[in-house]
Amino acid sequence: MPNSNGPQNNEDDNRSPEEEMRRMLEQMLGGGGIDSDKLAGAAGLPADPQALAHMLMQLQQAMQNPTDGVDWDLVRDAARRTATPNEEVDDEDARAYDRAFQVAGLWLGDAMGDSFGAFSGIPQTITRYEWLELTLDGWAELTNPVATSISNALVEVLAEQAPEEMKDMVARSGPIVRSLGQSMFAMQLGQVLGQLAKEVLSGGDIGMPVLPDHKAALVPQNLQEWSTDLELDRDEVLIYFALRELAHAQLFAHARWLRLHLVSSITEFARGIRIDTDRIEETIRELDVSNPEEIQLVLKSGQLIPPRTPEQDQALERLETVLALIEGWVDVVTEDATSRLPNAGALSEMVRRRRATGSPAEHAFGSLVGLELRPRRLREAMSMWRLVTEKLGAAERDALWDHRDALPGAEDIDDPFALVERLQGGDAEPDELDNDLARLLGDPGSFGDAPAGGDLSDDDAK
C-alpha cells in the first residue's frame, strides 16, 4: 500500500484558502470549533436556538461565499428580533395623528411664511418594524463607509501581522476576512438599530436623514411610552412632535444638498479609521474569552476603536457643526410655531435634555462606528438662529439653507453678532436683546456642552 499515506500527508497542503482561514479562525476562537453560544454573546444577540442557527448559517455563507459589503438581510433580521414587541397603529390613533399633522402644517406655514414653499410630502404613522424598513437604506448610506474602512483595516492588520509562511494564504483570503468582519459588524449594527427602533419618536429624531424621500413620520408606540408619565394633554404632545417632524422633513426637502453633505462628511471621517494592533493585543490579553458578557462589553465600550486622528477630528467637527445647525434651526422654528401650546416650553426643554444626553442605543452606535449621533453645541446653534430670526426675519434666516456656501459655520455659532452684521452689510448697534444674548453666550453654565452622562442639577433632572 505504497500510496495509502500520500493524500493524507498532503492534506494540509491541499486546503483551499477558505478552509485554511476557517481553521485559523477556529483556533483563534479556542481551537475546538465555533461555540455558537459564545459567538452569540460576543455579537450581542439573544441566545435562542433559532437565532443562533440563522447567525451561524450567515457566517458560514460569509466564509464560503464572500461578498462585498454589509449583509443587510442579516442586519434586518437582528434588528427585528431586538425591536419586539411591535404594535400596529390602530384606526383611532391614526386619525388622531392625522389631525395633529394637519394642525402642525398650518402652524408651521404661519411661522415660516413662504421661505421653503409648501411641503408636498404626506406625513405617516409607522410601527417599529416599518421604521426599520424605511431607514435601512439610509443606515446603509451612513454606515457603509465605516464598515468598509473597518474591514479593510482588518485585512491590512492580518497581512502585516501574519508569519512569513502564512502571508500568501492571508493575501488570498482577503475577501473572506472582509466578508466575515462585515457579517459580525452587521450583527452588532442590527442589534443597535433594533434598540433604536424601540426608542425613536419620529423620523428625524436622531438628526441624521435616515428616512427616504424626505418623509415625515411619527412612531405612536414609542411616543406613547415616552409621554405616559408627563401628565400633559395628548393632543398637545402630538401636535408638538408632528410640527417638529414636519420642520425637519421640510428642511431636507428644500436643502437637497444637505443629505449628500452629511454623507460626504461621514465618508471623510471613515477614511481615517485604522486598527491599533497594540491596543487590541493589550485588550485581548486582559480579556476572558470564555466569558461572552465580557466580550460583548468590550465590543460595546469602543475599546477596540483607536483614538481619532487630527483629520478625523476636523471631519467630525464639521459634521457636528452641521448637525447642530440643523437641530438648532428646527428648535427655533418649532418654538415659534408652537407658541399657542400652553406647555410648548416644557416639551422643548425635555426634548433638548433627552437629545443632549443621548440614549443607550445611541451610545452603542457611537461605540460601534466611532461616530456619535448627537451633536454638541445645540443651545449655541439655537441662540444663533434665534438672533438671526429676530434681526433679519424668517425669510433671510431660511435663505441660508439655499446653498452649502451660504450656511453658517462654527465661527458663526461662536459669534452670532458678527454673522448678523455680515448679513446686514454694515454695523449694527446692539440692543437689549443683543445684550441679553451676549450675557447668556458668555455664561458656560447656560450654554455649555452637556457631557455624555448629563451635567444636570437635581432640580433639572426631575
Side-chain angles (χ1 to χ4, degrees), residues 108 111-117 119 138 141-142 145 203-211 214 216 244-269 311-337 352 355 371-426 428 437 441 447 449:
L108 183 61
M112 294 180 59
D114 297 327
S115 298
F116 288 171
F119 180 61
E141 196 173 25
L142 294 172
D205 195 17
I206 62 168
M208 297 283 190
V210 292
L211 286 181
H214 323 295
R244 279 193 63 87
E245 179 65 1
L246 285 177
H248 191 274
Q250 189 156 351
L251 173 60
F252 279 90
H254 172 77
R256 294 184 178 273
W257 57 268
L258 189 53
R259 175 189 288 269
L260 179 59
H261 178 61
L262 288 172
V263 173
S264 298
S265 297
I266 293 171
T267 302
E268 184 179 359
F269 174 86
E311 292 77 15
Q312 282 183 300
D313 283 333
Q314 293 173 7
L316 185 59
E317 182 179 354
R318 288 191 291 270
L319 177 63
E320 287 184 334
T321 296
V322 176
L323 290 174
L325 289 170
I326 292 169
E327 293 297 303
W329 180 88
V330 170
D331 282 347
V332 168
V333 171
T334 302
E335 185 177 89
D336 290 347
R352 281 194 290 268
R355 192 172 50 212
L371 185 67
E372 291 291 340
L373 294 175
R374 297 298 183 188
R376 298 172 294 172
R377 308 187 68 195
L378 291 174
R379 290 183 181 268
E380 293 97 322
M382 181 183 178
S383 297
M384 184 208 74
W385 288 120
R386 172 57 61 201
L387 181 65
V388 172
T389 305
E390 297 291 342
K391 291 293 186 180
L392 305 175
E396 191 157 350
R397 173 200 67 200
D398 297 342
L400 294 174
W401 292 103
D402 288 348
H403 191 274
R404 174 180 170 179
D405 293 340
L407 191 67
E411 67 281 359
D412 297 313
I413 296 177
D414 293 334
D415 190 357
F417 300 103
L419 170 64
V420 170
E421 181 179 336
R422 186 173 76 249
L423 293 174
Q424 287 178 328
L437 284 172
L441 289 170
F447 288 95
D449 297 343

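- Expressed to the nearest 0.5 Å, how far CZ of R377 lies from OG1 of T321 amounts to 6.5 Å.
- Of all non-hydrogen atoms in A381 and A324, the two that sit nearest each other are CB-O, 3.3 Å.
- A salt bridge between R355 and D205 is absent, with no side-chain N of the basic residue lying under 4.0 Å from a carboxylate O of the acidic one.
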**OP:** Determine, step by step, whether L423 and L419 satisfy the side-chain contact (heavy atoms from CB on, under 4.5 Å) criterion, reporting the C-alpha distance in whole Å, the side-chain angles of both residues, the deciding distance to 0.1 Å, and the verdict.
**Re:** CA-CA 6 Å; L423 293 174; L419 170 64; 3.9 Å; yes
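- A search for side-chain contact (heavy atoms from CB on, under 4.5 Å) contacts involving H254 returns F116, W401, D402, not counting sequence neighbours.
- Listed here is the closest heavy atom pair of A247 and V333: CB-CG1, 4.2 Å.
- Of all heavy-atom pairs between D398 and M112, the closest is OD2-CE, 3.9 Å.
- With rounding to the nearest 0.5 Å, the separation of CH2 in W257 from CG in L262 is 8.0 Å.
- Every residue meeting the salt bridge (charged side-chain N to carboxylate O under 4.0 Å, His left out) condition with R352, not counting sequence neighbours, appears here in chain and number order: E349.
- Nearest heavy atom pair, residue P408 against residue L400, reads CG-CD1, 4.0 Å.
- Scored by the side-chain contact (heavy atoms from CB on, under 4.5 Å) test, Q314 finds R318 as partners (sequence neighbours excluded).
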**OP:** Show the numbers, then the answer: is there a side-chain contact (heavy atoms from CB on, under 4.5 Å) between D412 and L325?
**Re:** CA-CA 10 Å; D412 297 313; L325 289 170; over 6 Å; no
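- Shown here for A410 and E317, the closest heavy-atom pair between the two residues is CB-OE2, 4.5 Å.
- Remark: the backbone N or O of D414 is not paired with any side-chain donor or acceptor of E380 at under 3.5 angstrom.
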Original post:
Stepwise, does the side-chain contact (heavy atoms from CB on, under 4.5 Å) test hold for T389 with E335?
Top reply: CA-CA 12 Å; T389 305; E335 185 177 89; over 6 Å; no
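- Summarising the geometry, atom NE2 belonging to H261 is positioned 7.0 Å from atom CG belonging to L258; distances are rounded to the nearest 0.5 Å.
- At a threshold of 4.5 Å between non-hydrogen side-chain atoms, the residues I326 and F252 count as touching.
- The nearest pair of heavy atoms linking Q424 to L392 is CG-CD2, 3.5 Å.
- Using a 4.0 Å cut-off between charged nitrogen and carboxylate oxygen, R244 and E327 count as a salt-bridge pair.
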**OP:** Mind running salt bridge (Lys or Arg N to Asp or Glu O under 4.0 Å) on K391 and E421 for me, showing each step along the way?
**Re:** CA-CA 10 Å; K391 291 293 186 180; E421 181 179 336; over 6 Å; no
